[in-house]
**Student:** 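Below is a structure I'd like to ask you about.
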Amino acid sequence: MRRALWLLLLCAVTVGIAWALMRLGGTVEVRVGDTFIGLDLPILLVALAVLFLVLHTLLATVRWVRGWPARMRARREARNREKGEAALTRALVALAAGTADTAVLEIRRARTLLGDKPQVLLLTAEAERLSGSEEGAAEAFRALSEREDARFLGLRGLLRQAIQKQDWVIAKQLAREAEAAQPGTAWLREERTLLAQKTQDWREALALAGPQAPRAPLALAAARQERDPVNAAELERQAFQADPAFSPAAIAHALRLKAAGSDRKARSVLEQGWAAAPHPDIAVAYLSNETDPLTRVKMAEQLVHTTRNHPESRLLLARTALAASLTGRARQELEALVADGTADARAYLLLVELEQEEHGDSAVGRAAEAKWLRAATAAPSEPRWRCGHCGKVHAEWVPVCDGCGTPGEVRWQPGPAQILPKA
Ligand SMILES: [Zn+2]
């Protein structure tokens, strides 16, 4: 309505101006050399208006014709986008349904129509993996990793493939690149920890270990790899402080202190280790330099004074007492173990030795020996370093199981059915 009013007003003004010009009259003369043109003013004005309209139309036509290819392109792109998005949806449905061939076909169509967009490349990789083509997936991940905005996505895919192929060297390199692309990712930290363990790079595993991770075994494993004795000593100290109950760390730390001439500190470390978790190897290290049987008994008493009733403490006291021919003392400890049901095969075998020492080759001795030998075969076996994954027994603690290659699973475990009471 308003537009119609404006048009009416414009017409009225135009007619008014034309009428005023008619009333005004007059001519315009143009002289070029000898040629003379004379025109009435209204006719000239009308001619100029017509000329303007013609030129304007001409220019608009030229612009329209020149814009033709771009408009066609835009239309084609819009059509492709529509088709591409439809193919993408079909690919998603096929992926969800697990029909790999359809997914690959549709995602390839979408890729042709939409180009190498991150979501298209990611779905390409998924579809290729579903169809069993790891190389096709790797190609898509590589294309992703070359894009600035989706670099992490591509590297993540390639890293997963490398881990699956157990190509640890490539995987570590990819993990480093991914860390640079997206620092501080929780997922990446876990993967890097796993890679450090797989490649037995214990220093890196220790650096990546979270607050919940067992730091003592990692630090000790790193110390064993360390060539510089100063660094190794520091790592052993860290291992012992992280967990004094981890006996290999306590022993390694103590041996290092002893080698440096600090005998008293070394003994104190072993005593702390024993107090945290009595372990026969600690006793071996503690008594290693002493040969006098009676002094060994005294030293054993000093070592176990905070865990007097622990089965390992009783066993140690019994063994040292027996070696010093203090048979009454040894019997007292061993019978206490039998009485509270914590005697394992070692305790019964010590009782056999004890009977031989006390009774020699007599009928009483032989009867007692036979009794304890029977008990030994029925008793739980002694605790050992055992892999929690495959069950292989190791003579000493190792960071990786020799049998199955699993890291962090070799632990000091009691023999079957053995019950350990509180110290
Ligand atoms: Zn194993």
Side-chain angles (χ1 to χ4, degrees), residues 1-95 102-128 136 139-154 181:
M1 185 64 188
R2 188 180 285 182
R3 182 180 271 205
L5 281 174
W6 273 113
L7 215 61
L8 204 64
L9 193 68
L10 194 70
C11 281
V13 170
T14 314
V15 169
I17 291 169
W19 183 75
L21 285 171
M22 287 287 283
R23 288 276 310 251
L24 205 63
T27 52
V28 175
E29 292 179 7
V30 180
R31 195 187 298 269
V32 182
D34 291 338
T35 316
F36 163 80
I37 301 165
L39 279 173
D40 283 343
L41 181 63
I43 290 172
L44 178 71
L45 287 176
V46 169
L48 280 175
V50 168
L51 185 67
F52 170 76
L53 275 175
V54 166
L55 276 176
H56 179 75
T57 311
L58 200 67
L59 281 174
T61 310
V62 168
R63 213 164 38 233
W64 186 79
V65 168
R66 283 181 62 186
W68 177 266
R71 275 200 307 284
M72 287 305 287
R73 203 164 49 241
R75 205 171 300 162
R76 198 169 53 241
E77 276 173 8
R79 217 167 34 234
N80 283 352
R81 200 175 312 126
E82 207 171 301
K83 281 187 190 168
E85 273 160 15
L88 208 59
T89 310
R90 285 196 297 275
L92 270 172
V93 172
L95 270 176
T102 316
V104 170
L105 201 71
E106 293 296 348
I107 200 67
R108 280 185 188 158
R109 192 172 293 157
R111 199 171 168 186
T112 317
L113 291 165
L114 297 173
D116 281 357
K117 288 187 173 176
Q119 61 270 44
V120 177
L121 286 171
L122 198 61
L123 280 181
T124 303
E126 286 302 320
E128 294 284 358
E139 188 272 328
F141 285 136
R142 270 195 294 275
L144 264 177
S145 72
E146 280 157 17
R147 291 178 61 103
E148 198 57 45
D149 56 350
R151 191 165 159 68
F152 181 73
L153 273 177

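A quick note: this is a predicted structure, and the numbers were derived from the prediction, not measured. All values below were derived from every heavy atom in this structure, side-chain atoms included, with hydrogens, water molecules and symmetry-related copies excluded.
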**Student:** Would you confirm whether Arg151, through its side chain, and Ser145, through its main-chain N or O, come within 3.5 Å as a donor-acceptor pair?
**Tutor:**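 Yes, because the side chain of Arg151 sits within donor-acceptor range (under 3.5 Å) of the backbone of Ser145.
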
**Student:** Does the side chain to side chain contact (heavy atoms under 4.5 Å, CB included) test come out yes or no for Val104 and Glu128, once each step is laid out?
**Tutor:** CA-CA 6 Å; Val104 170; Glu128 294 284 358; 4.2 Å; yes

**Student:** Over all heavy atoms of both residues, which pair between Gly84 and Ala110 is shortest? Give the atoms and the distance, please.
**Tutor:**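 For Gly84 versus Ala110, the nearest heavy atoms are O-CB, 3.8 Å.
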
**Student:** Is the backbone N or O of Glu85 less than 3.5 Å from a side-chain atom of Thr89, with the two atoms forming a donor-acceptor pair by type?
**Tutor:**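 Here the side-chain-to-backbone pair exists.
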
**Student:** Does any non-hydrogen side-chain atom of Leu114 lie less than 4.5 Å from one of Arg81?
**Tutor:**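 Answer yes - side chains close enough.
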
**Student:** Assess whether atom CZ of Phe36 is packed by more than 12 heavy atoms of other residues, nucleotides or ligands within 6.0 Å.
**Tutor:**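 Yes.
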
**Student:** What are the two closest heavy atoms between Ala150 and Pro118, and how far apart are they?
**Tutor:**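 Distance-wise, the nearest heavy atoms are CB-CB, 4.0 Å.
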
**Student:** Going by the salt bridge (Lys or Arg N to Asp or Glu O under 4.0 Å) test, which pairs reach into residues 55-72, not counting sequence neighbours?
**Tutor:**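 For residues 55-72: none.
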
**Student:** Drop me the distance from Leu10's CG to Leu5's CG, to the nearest 0.5 angstrom.
**Tutor:**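 With rounding to 0.5 Å, CG (Leu10) is 12.5 Å from CG (Leu5).
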
**Student:** Counting heavy atoms not belonging to Gln119, are there more than 12 under 6.0 Å from its CD?
**Tutor:**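 Count over threshold, so yes.
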
**Student:** Can you list the residues that meet the ring-ring contact (aromatic ring centres under 6.0 Å, His included) rule with Trp6, with sequence neighbours excluded?
**Tutor:**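 Residues passing ring-ring contact (aromatic ring centres under 6.0 Å, His included) with Trp6: none at all.
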
**Student:** Could you walk me through whether Leu123 and Leu88 pass the side chain to side chain contact (heavy atoms under 4.5 Å, CB included) test, one step at a time?
**Tutor:** CA-CA 9 Å; Leu123 280 181; Leu88 208 59; 3.9 Å; yes

**Student:** Would you mind reporting whether Arg111 and Asp116 have side-chain heavy atoms less than 4.5 Å apart?
**Tutor:**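 SC-SC contact between Asp116 and Arg111 confirmed.
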
**Student:** Going by the rule side-chain hydrogen bond (donor to acceptor under 3.5 Å, both in side chains), which residues pair with Arg142 if we only count those two or more places apart in sequence or in a different chain?
**Tutor:**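 Counting only residues at least two positions away or on another chain, Arg142 forms a side-chain hydrogen bond (donor to acceptor under 3.5 Å, both in side chains) with Glu135.
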
**Student:** State, yes or no, whether a side-chain contact exists between Arg147 and Leu121 at a heavy-atom distance under 4.5 Å.
**Tutor:**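 Contact flag for Arg147/Leu121 side chains = yes.
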
**Student:** Which value, rounded to the nearest 0.5 Å, describes the distance between Leu59 atom CG and Trp64 atom CH2?
**Tutor:**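 The CH2 atom of Trp64 is 15.5 Å from CG of Leu59, to the nearest 0.5 Å.
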
**Student:** Can you check salt bridge (Lys or Arg N to Asp or Glu O under 4.0 Å) on Arg79 and Glu82, steps first, answer last?
**Tutor:** CA-CA 5 Å; Arg79 217 167 34 234; Glu82 207 171 301; over 6 Å; no

**Student:** I need the Lys117 NZ to Leu144 CG distance, nearest 0.5 Å.
**Tutor:**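 Result: 14.0 Å between the selected atoms.
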
**Student:** Say you draw a straight line from CD1 of Ile107 to CZ of Arg90; how long is it, rounded to the nearest 0.5 Å?
**Tutor:**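 So the gap between those two atoms works out to 11.0 Å.
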
**Student:** If you look at every heavy atom in Phe141 and Leu153, which pair is closest and at what distance?
**Tutor:**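 Shortest heavy-atom separation between Phe141 and Leu153 comes out as CD2-O, 4.3 Å.
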
**Student:** Would you compute the distance between atom NE2 of His56 and atom OG1 of Thr61 and round it to the nearest 0.5 angstrom?
**Tutor:**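 One finds 9.0 Å between NE2 of His56 and OG1 of Thr61.
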
**Student:** Please round to the nearest 0.5 Å and tell me the distance separating atom CG of Leu53 and atom CG of Leu48.
**Tutor:**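 So the CG of Leu53 and the CG of Leu48 are separated by 11.5 Å.
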
